[in-house]
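Here's the structure we're looking at; comments come further down.
The figures here come from the full heavy-atom set of this structure, side chains too, leaving out hydrogens, waters and symmetry mates.
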Amino acid sequence: MEAEVEVSKDLFTIIPVPILIVDGSGRILEANPAFCTALGACEKFLSGKTLLESGFISFEDSISLSHALVLSTGVVSDFEISLGKEKQR
């Protein structure tokens with residue numbers, strides 16, 4: 001079991017596809033290096049925040065993501081949002 005977790009963590013780290021792991025409230029638990037590179041933000045900055053709090057998605061996309069999390073069985077495998085630093089109002 002430990003070897004499987006280690007392999008999974010290695011893949012999470014080296015895969016070139018941005019991956020984000022969030023809790024049931026949408027708070028970021030982990031972001032792989034590809035995700036951090038795509039957003040230009042480090043995991044330390046993102047950890048514990050929602051994407052909305054981080055300023056990377058709009059309020060509307062945040063609501064849609066929240067609904068997808070609530071309605072899912074714990075896994076949201078196909079959800080598309082536009083990421084980018086939101087303009088400060």
Side-chain angles (χ1 to χ4, degrees):
M1 178 77 170
E2 272 185 48
E4 291 173 5
V5 171
E6 194 171 309
V7 168
S8 295
K9 186 66 175 170
D10 288 345
L11 286 174
F12 179 78
T13 302
I14 65 171
I15 195 165
V17 176
I19 299 173
L20 186 64
I21 299 173
V22 298
D23 66 12
S25 300
R27 297 210 173 276
I28 299 167
L29 300 175
E30 290 187 70
N32 74 344
F35 190 91
C36 294
T37 299
L39 290 185
C42 67
E43 184 177 4
K44 185 177 179 180
F45 169 77
L46 297 170
S47 186
K49 297 178 182 176
T50 65
L51 288 172
L52 178 62
E53 291 169 341
S54 301
F56 288 107
I57 64 172
S58 69
F59 178 75
E60 293 79 13
D61 280 344
S62 175
I63 296 297
S64 296
L65 179 57
S66 294
H67 285 246
L69 288 169
V70 168
L71 298 174
S72 75
T73 58
V75 177
V76 178
S77 60
D78 188 17
F79 187 84
E80 187 174 324
I81 56 175
S82 298
L83 294 173
K85 199 67 173 158
E86 286 291 301
K87 292 181 182 176
Q88 300 297 322
R89 297 171 200 230

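- Under a 3.5 Å cut-off, the side chain of N32 and the backbone N or O of V17 do form a donor-acceptor pair.
- Of all non-hydrogen atoms in S54 and K49, the two that sit nearest each other are OG-CB, 3.6 Å.
- In this structure, CG on L29 lies 7.0 Å from CD1 on I21, to the nearest 0.5 angstrom.
- For the residue pair A38 and P18, the shortest heavy atom distance occurs at CB-CG, 4.2 Å.
- The two residues L20 and F35 make their nearest non-hydrogen contact at CD2-CZ, 3.8 Å.
- Nearest heavy atoms, V22 versus I28: CG1-CA, 4.1 Å.
- The nearest pair of heavy atoms linking C36 to L46 is SG-CD1, 4.3 Å.
- Between D61 atom CG and L52 atom CG the span is 10.0 Å, to the nearest 0.5 Å.
- The two residues L51 and L39 have their closest heavy-atom pair at CD2-CD1, 4.5 Å.
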